[in-house]
J.: 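Quick one: this structure, given as C-alpha cells, is what I'll be asking you about.
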Amino acid sequence: MNSRRKFLKTAGIGAAAFGLGTRQSAMAFNPVKNNGGVDSTPDYERVKELLASQEPHIWLFTGDSITHGAKHTKGYRSYPEIFGERLRWELKRMRDIVINTGISGNTTVNILSDFEWRVSQFRPAMVSLMIGTNDCAKKDMTTDSYQKNLEQIVTKIRDIGAVPIFHTPNSIIIEKDPSRSKLPDYMPFMRRVAEEKNVILVDNYQYWEDSRLNNSANVYRNWLNDPIHPGETGHQEIARLMFKTISIFNPQEPTCGGEYYEGEH
C-alpha cells in the first residue's frame, strides 16, 4: 500500500493524482517475464516509469466497437484518441505512438485468435483492453469461458513484455437490448481476473452505474449515443477515468475537462 500511495503522490508528470476505479488491483505486483526471469515491479510503477522514460513507447488499445470508436462518436474523438492527445501533446511525449486495433463486433475469442496481428507485431509497452459487450451476447460463450479467455490474454500480453490494463465496458440500457442482458453477470469475472492476475483495472461499468444511480449524471441520455455505444461525452468519461486510474489526470488540462478556448476571436 505504501508503494501505491507513493505512486499516487508522485505520478502524472505534474498532473493531479486521483485514485479512482482500482479497488481490486491497487497493490498489484505482476509476474512479467524479463530476460528469462521475473520482474515483480508493480504495474502502476511500470506505467510511471514508461511515462518518465526518455525513450519513446507504443501504447496499444484493442477491443470491440467501443474501443474502435465506430460511428457513435459522430466524428469526435474516441477514448484512445483522447488518450493520445493527453499523452502526446499535454504530457509532451510526442514521439510516442498510440495504436487502436479495436474492431466492431469482436469478442475475447477474436482477440486471442488475432493476437499476433492485433497486438504482438507492434511490440507495445502497454496494452489496454475493453471487451465483454459482445461476449455476453454470444450463445456459445459462458462467464467461465470469458474468464479463461481473459486469463490467456493477460498471459499473452505479459509474454511480449507489455503492461496489461483492463477496462470493464460501460453500462448499457438492457431494456433496449435484451440480447446483452447478461453483461452485468460478466463484469465480476473481469474484476476477478484483474485481482488474481494483478492487472490494473479501469472499472467503467461500476463508475457509470454509480453515476447513474446517484443521479450525478444523466448517463443514459448524455453519455450513450444508443443503448450500447458511448457518444462523445461517454468517451470523454472513459478516457478521464483511465487518466485517474493511472494518475495522469489534471482537471486544468483540456482532455480532463479544462477549457479549450484560447486567444481572441
Side-chain angles (χ1 to χ4, degrees), residues 58-85 87 96-143 145-160 162-172 177 179-180 182-183 186-187 189-190 193-194 199-202 204-205 208 223-232 234-239 241-242:
I58 294 174
W59 307 74
L60 188 141
F61 290 75
T62 196
D64 52 33
S65 59
I66 298 170
T67 301
H68 187 166
K71 181 179 179 179
H72 296 279
T73 59
K74 297 183 177 179
Y76 289 96
R77 283 174 170 155
S78 63
Y79 76 90
E81 292 172 315
I82 298 170
F83 176 87
E85 174 73 359
L87 181 75
D96 283 15
I97 297 172
V98 178
I99 296 173
N100 182 356
T101 65
I103 297 177
S104 181
N106 272 196
T107 67
T108 51
V109 173
N110 301 114
I111 302 296
L112 283 169
S113 64
D114 205 20
F115 193 84
E116 172 60 32
W117 179 253
R118 300 271 291 275
V119 180
S120 298
Q121 67 161 322
F122 300 107
R123 295 182 295 175
M126 179 214 75
V127 177
S128 170
L129 173 70
M130 181 190 292
I131 202 78
T133 305
N134 296 315
D135 292 76
C136 72
K138 300 295 183 181
K139 293 181 179 180
D140 56 349
M141 178 65 69
T142 65
T143 52
S145 298
Y146 176 69
Q147 177 176 333
K148 290 177 182 177
N149 289 347
L150 289 175
E151 291 169 347
Q152 290 182 55
I153 292 169
V154 170
T155 298
K156 284 180 172 289
I157 292 171
R158 289 191 169 142
D159 281 347
I160 62 172
V163 177
I165 296 182
F166 277 178
H167 287 252
T168 55
N170 54 270
S171 57
I172 66 175
D177 190 346
S179 69
R180 291 174 168 81
K182 293 181 180 179
L183 181 61
Y186 276 65
M187 296 304 92
F189 289 85
M190 176 173 274
V193 175
V199 175
I200 295 172
L201 177 67
V202 184
N204 296 289
Y205 193 89
W208 283 47
W223 295 7
L224 289 172
N225 187 58
D226 73 357
I228 301 169
H229 299 91
E232 171 196 1
H235 277 273
Q236 291 172 349
E237 292 294 335
I238 292 169
L241 186 61
M242 183 181 186

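Heavy-atom basis, side chains included; hydrogens, waters and symmetry copies ignored. Note that the structure is a prediction, hence the values are computed from the model and not measured.
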J.: Distance-only, no hydrogens or angles: does the Asn204 side chain make a donor-acceptor pair with backbone N or O of Pro169 under 3.5 Å?
T.: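 Checked: no pair found.
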
J.: For Lys138 and Val109, run side chain to side chain contact (heavy atoms under 4.5 Å, CB included): C-alpha distance rounded to whole Å, both residues' side-chain angles, the deciding distance at 0.1 Å, then the answer.
T.: CA-CA 11 Å; Lys138 300 295 183 181; Val109 173; over 6 Å; no

J.: Atom CD in Glu232, atom OG1 in Thr73: separation rounded to 0.5 Å?
T.: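 Between atom CD of Glu232 and atom OG1 of Thr73 there are 9.0 Å.
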
J.: Can you tell me how far the OG atom of Ser65 sits from the NZ atom of Lys71, to the nearest 0.5 Å?
T.: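 Between Ser65 OG and Lys71 NZ, I get 10.5 Å after rounding to 0.5 Å.
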
J.: Just by modelled atom types, is the Gly63 backbone N or O under 3.5 Å from a matching donor or acceptor in the Arg118 side chain?
T.: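 Yes: the side chain of Arg118 pairs with the backbone of Gly63.
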
J.: Considering non-hydrogen atoms only, spot the tightest contact between Arg180 and Ala137 and give its length.
T.: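 In this case the closest contact between Arg180 and Ala137 is CG-CB, 3.9 Å.
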
J.: Checking Met190 against Leu201 for the side chain to side chain contact (heavy atoms under 4.5 Å, CB included) test, could you report, in this order, the C-alpha distance in whole Å, the side-chain angles of both residues, the deciding distance, and whether it holds?
T.: CA-CA 9 Å; Met190 176 173 274; Leu201 177 67; 4.3 Å; yes

J.: Given Pro80, which partner from the list Thr67, Thr101, Ile238, Ile99 fulfils the side chain to side chain contact (heavy atoms under 4.5 Å, CB included) test?
T.: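 Of the listed residues Thr67, Thr101, Ile238, Ile99, the side chain to side chain contact (heavy atoms under 4.5 Å, CB included) partner of Pro80 is Thr67.
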
J.: Judged by atom type as modelled, is there a donor-acceptor pair below 3.5 Å linking the side chain of Asn170 to the main-chain atoms of Ile228?
T.: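 Looks like yes, one N/O pair under 3.5 Å.
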
J.: Decide yes or no on side chain to side chain contact (heavy atoms under 4.5 Å, CB included) for Asn225 and Lys74, but give the supporting numbers first.
T.: CA-CA 9 Å; Asn225 187 58; Lys74 297 183 177 179; 3.1 Å; yes

J.: Would you give the length of the straight line joining atom NE2 of His167 to atom CE of Met242, rounded to the nearest 0.5 angstrom?
T.: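 Reported to 0.5 Å precision, the distance equals 4.0 Å.
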
J.: For the pair Asp114 (side chain) and Trp117 (backbone), establish whether a donor and an acceptor sit closer than 3.5 Å, ignoring hydrogens and angles.
T.: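 No; zero donor-acceptor contacts below 3.5 Å.
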
J.: Roughly how far apart are Ile153 CD1 and Thr62 OG1, rounded to 0.5 Å?
T.: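 Separation between the atoms: 8.5 Å.
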
J.: Do Asp96 and Trp59 pass the side chain to side chain contact (heavy atoms under 4.5 Å, CB included) test, and can you show the C-alpha distance, the side-chain angles, and the key distance before you say yes or no?
T.: CA-CA 8 Å; Asp96 283 15; Trp59 307 74; 2.9 Å; yes

J.: When you measure from the side chain of Asn134 to the backbone of Asn106, do you find a donor-acceptor pair of N or O atoms at a distance under 3.5 Å?
T.: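 Pair found, side chain donor or acceptor close to backbone of Asn106.
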
J.: Nearest 0.5 Å please: distance from the OG1 atom of Thr133 over to the CD1 atom of Ile66.
T.: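 Output value for this atom pair is 4.0 Å.
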
J.: Could you work out, with side-chain contact (heavy atoms from CB on, under 4.5 Å) as the rule, every residue matching Ser113, not counting sequence neighbours?
T.: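 side-chain contact (heavy atoms from CB on, under 4.5 Å) check on Ser113 returns nothing, list empty.
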
J.: Provide the closest heavy-atom pair for Gly105 versus Asp64 in the form atom of the first, atom of the second, distance.
T.: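 Nearest pair, atom of Gly105 first, then Asp64: N-CB, 4.4 Å.
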
J.: Does any non-hydrogen side-chain atom of Ile131 lie less than 4.5 Å from one of Leu150?
T.: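 Yes, side chains in contact.
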
J.: I want to check something: taking the side chain as every heavy atom from C-beta on, are Trp208 and Leu224 in contact at a cut-off of under 4.5 Å?
T.: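 In contact.
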
J.: Relative to the ring of Phe61, is the ring of Tyr79 parallel (under 30°), tilted (30 to 60°) or perpendicular (over 60°)?
T.: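 The arrangement is perpendicular - the two ring planes meet at more than 60°.
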
J.: Of the non-hydrogen atoms in Ala162 and Pro124, which two are nearest, and what is the gap between them?
T.: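 Distance-wise, the nearest heavy atoms are CB-O, 3.3 Å.
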
J.: For Tyr146 and Tyr186, run ring-ring contact (aromatic ring centres under 6.0 Å, His included): C-alpha distance rounded to whole Å, both residues' side-chain angles, the deciding distance at 0.1 Å, then the answer.
T.: CA-CA 8 Å; Tyr146 176 69; Tyr186 276 65; 5.1 Å; yes

J.: State, to 0.1 Å, how close Ile172 and Pro227 come at their nearest heavy-atom pair, and which atoms those are.
T.: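 Closest approach of Ile172 to Pro227, heavy atoms only: CB-O, 3.1 Å.
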
J.: Please report the interatomic distance CZ(Phe83) to CG(Asn100), rounded to the nearest 0.5 Å.
T.: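 Taking CZ in Phe83 and CG in Asn100, the distance rounds to 12.0 Å.
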
J.: Using ring pair (Phe, Tyr, Trp, His ring centres under 6.0 Å) as the criterion, list what pairs up with His68, not counting sequence neighbours.
T.: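 His68 satisfies ring pair (Phe, Tyr, Trp, His ring centres under 6.0 Å) with no other residue.
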
J.: Between Met130 and Val202, is there a side-chain heavy-atom distance shorter than 4.5 Å?
T.: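 Counting from C-beta outward, Val202 and Met130 never come under 4.5 Å.
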
J.: Please find the pair of heavy atoms, one from Gly84 and one from Val98, that lie closest to each other, and give the distance.
T.: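 Result for this residue pair: CA-CG2, 3.8 Å.
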
J.: With a 3.5 Å cut-off and no angle check, do the side chains of Glu81 and Ser78 form a donor-acceptor pair?
T.: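 Glu81 vs Ser78: donor-acceptor pair found between side chains.
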
J.: Where do Thr107 and Asn110 come nearest, in terms of heavy atoms and distance?
T.: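 Taking Thr107 first and Asn110 second, the nearest heavy atoms are N-OD1, 2.8 Å.
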
J.: Using ring pair (Phe, Tyr, Trp, His ring centres under 6.0 Å) as the criterion, list what pairs up with Tyr205, not counting sequence neighbours.
T.: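 Listed in chain order: nothing, the list is empty.
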
